[in-house]
2 protein chains.
Amino acid sequence: MVSQKCQYALRALFELAKRSGLGPTKIAEVAEAQAIPPRFLEVILSQLKHGGFVESRRGAEGGYLLVRPPRGLTVGEVIRFVEGPIGPVGCVTGDPKEHCPLHGDCVFLGMWEKVRGAVSEVYDSTTLQDLVEEDRRRGRRYVPTYAI
Amino acid sequence: MVSQKCQYALRALFELAKRSGLGPTKIAEVAEAQAIPPRFLEVILSQLKHGGFVESRRGAEGGYLLVRPPRGLTVGEVIRFVEGPIGPVGCVTGDPKEHCPLHGDCVFLGMWEKVRGAVSEVYDSTTLQDLVEEDRRRGRRYVPTYAI
DNA sequence: TCCTTTGTCAACTAAACCAATCGGGATAAT
DNA sequence: ATTATCCCGATTGGTTTAGTTGACAAAGGA
């Protein structure tokens, strides 16, 4: 299960990816476009900034920008940063503090590994660019609003 | 992430599967063999009983038995019973109360579906019998202890 | 009959986690 | 200076997890 927070993080990055090259986007805009509680989004974007995913501009006309090009940014990276290692159970995520009481000779291990592999494969092969393209394909090309 | 409780449930059913046909197994035995806190296992087995996975015998020489043959019992069934529907996010588990604020036209949906499919496929194609066989293959054939 | 062994059940709890919110501060553009 | 925007730490309320407790019921043997 990926947490609500992580889904928000992905949606926010996707929104920034859609607008990459167009200057900073405000928290409030991202929040509205993606239906994310604004103050919570603030926390999330700040975390993503520390993780090197986005950068920020302060003051009037400030906002957030994607640091890296969407083509090279995978969903897997984002999930791992927000949630920690991907996997159905602790003993299979490489986390050394997690240990089966059965010391690695548990019959379930193979199955957990299969799941971890399958899930990682999907997340690691989906880039933000893929999502933006899918979005455009559906006719939701981003049209900036110049006037109010 | 499958919970500790669910892992215990699977290990307990596996232990019963290993001994199926040999009469009831006591909670304490299962607990020791699988390193599960005994009083917690009590709760879990009782729940599995209500779900029709096991049955019980009370009194001296009582214990628990698997109801169905291990060949037809999949890990997927057990996980769904203990944890609810399988899937990385709520909007993809068929749960009708879960809804994206974007009304099903979210670009992430396809990816979540892929993950749900891949995970379910692994869990639904693994039976308890598969696990018992894997266990025997590793030379851990169950040898009942007749004397004490 | 009575005692021991086993499962049954409902309630309880401590800790962790999640999703958010709040209040105030810093910085940049106009 | 004023306003718009991000920055940061603390706090909250609710839910979930991983168990524990204690009293009870049934089966079987002495």
Side-chain angles (χ1 to χ4, degrees), chain A residues 1-12 15-16 23-32 34-51 53-67 79 82-84 88-90 97-98 100-101 148, chain B residues 1-12 15-16 23-32 34-67 79 82-85 88-90 97-98 100-101 148:
Chain A
M1 269 290 199
V2 0
S3 67
Q4 193 70 3
K5 178 180 178 180
C6 188
Q7 292 180 59
Y8 288 158
L10 287 167
R11 298 224 298 269
E15 193 63 31
L16 295 181
T25 309
K26 301 189 237 302
I27 290 181
E29 280 181 69
V30 176
E32 187 178 17
Q34 291 293 330
I36 303 170
R39 303 285 320 249
F40 194 24
L41 180 56
E42 196 177 303
V43 173
I44 292 164
L45 281 171
S46 155
Q47 190 176 335
L48 289 172
K49 181 183 166 183
H50 285 110
F53 292 91
V54 298
E55 62 184 36
S56 62
R57 298 289 148 78
R58 299 227 262 197
E61 295 310 296
Y64 280 91
L65 304 116
L66 217 52
V67 167
I79 295 183
V82 177
E83 305 262 60
V89 295
K97 76 175 194 336
E98 297 278 0
C100 322
I148 300 250
Chain B
M1 270 290 202
V2 0
S3 67
Q4 194 69 3
K5 178 180 178 180
C6 188
Q7 293 180 57
Y8 289 159
L10 287 167
R11 297 225 297 270
E15 194 63 31
L16 295 182
T25 310
K26 300 190 237 300
I27 291 182
E29 278 182 70
V30 176
E32 188 179 17
Q34 292 293 329
I36 303 170
R39 304 278 334 240
F40 193 25
L41 179 56
E42 197 177 300
V43 174
I44 293 165
L45 281 170
S46 157
Q47 189 176 336
L48 289 172
K49 181 184 167 183
H50 286 109
F53 293 91
V54 298
E55 63 185 36
S56 63
R57 298 289 148 78
R58 301 228 261 197
E61 296 310 296
Y64 279 92
L65 305 116
L66 217 53
V67 166
I79 294 183
V82 178
E83 305 262 62
V89 296
K97 78 176 194 333
E98 297 278 359
C100 322
I148 292 270

Beyond-backbone contact of A/E29 with A/K26, side-chain heavy atoms, under 4.5 angstrom
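Counting from C-beta outward, A/E29 and A/K26 do come under 4.5 Å.
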
Rounded to the Å, how far apart are [X] [atom1] and [N] [atom2]?
| X | N | atom1 | atom2 | value |
| --- | --- | --- | --- | --- |
| A/E32 | D/dT5 | CD | P | 13 Å |
| B/E61 | D/dA30 | CD | C1' | 15 Å |
| B/I44 | D/dA18 | CD1 | P | 9 Å |
| A/Q4 | D/dT16 | CD | P | 14 Å |
| A/Y64 | D/dC7 | OH | C1' | 7 Å |
| A/F40 | D/dT12 | CZ | C1' | 13 Å |
| A/K5 | D/dG14 | NZ | P | 21 Å |
| A/R57 | C/dT30 | CZ | C1' | 18 Å |

If you compare every side-chain N and O of [X] against the phosphate oxygens of [N] (OP1, OP2), does one of them come in below 4.0 Å?
| X | N | value |
| --- | --- | --- |
| B/H50 | C/dT8 | no |
| A/K26 | D/dC6 | no |
| B/S56 | C/dT6 | no |
| B/Y8 | D/dG19 | yes |

Other residues, nucleotides, ligands: >12 heavy atoms within 6.0 Å of B/E32 CD
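No, the 6.0 Å shell around CD holds no more than 12 heavy atoms from other groups.
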
A/L45 near the nucleic acid: base, sugar-phosphate alone, or nothing, with a heavy-atom cut-off under 4.0 Å?
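No contact at all - A/L45 keeps every heavy atom at 4.0 Å or more from the nucleic acid.
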
Can you confirm whether the side chains of A/E83 and A/S3 place a donor and an acceptor under 3.5 Å from each other?
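Distance-only check passes for A/E83 and A/S3.
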
Given 3.5 Å as the limit, does a donor-acceptor pair link the side chain of A/R11 with the main chain of A/Q34, or not?
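Yes, A/R11 side chain to A/Q34 backbone: donor-acceptor pair under 3.5 Å.
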
In Å and rounded to the nearest 0.5 Å, what is the CZ to CG distance from A/F53 to A/L45?
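Rounded to the nearest 0.5 Å, the CZ-CG separation comes to 12.0 Å.
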
5′-ward residue of the pair B/R58/A/R58 relative to DNA chain D:
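Its nearest nucleotide being more 5', the pick is A/R58.
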
Regarding C/dC22, can its base be found pairing with the side chain of A/E42 as donor and acceptor, where the two atoms are less than 3.5 Å apart?
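A donor-acceptor contact between them is absent.
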
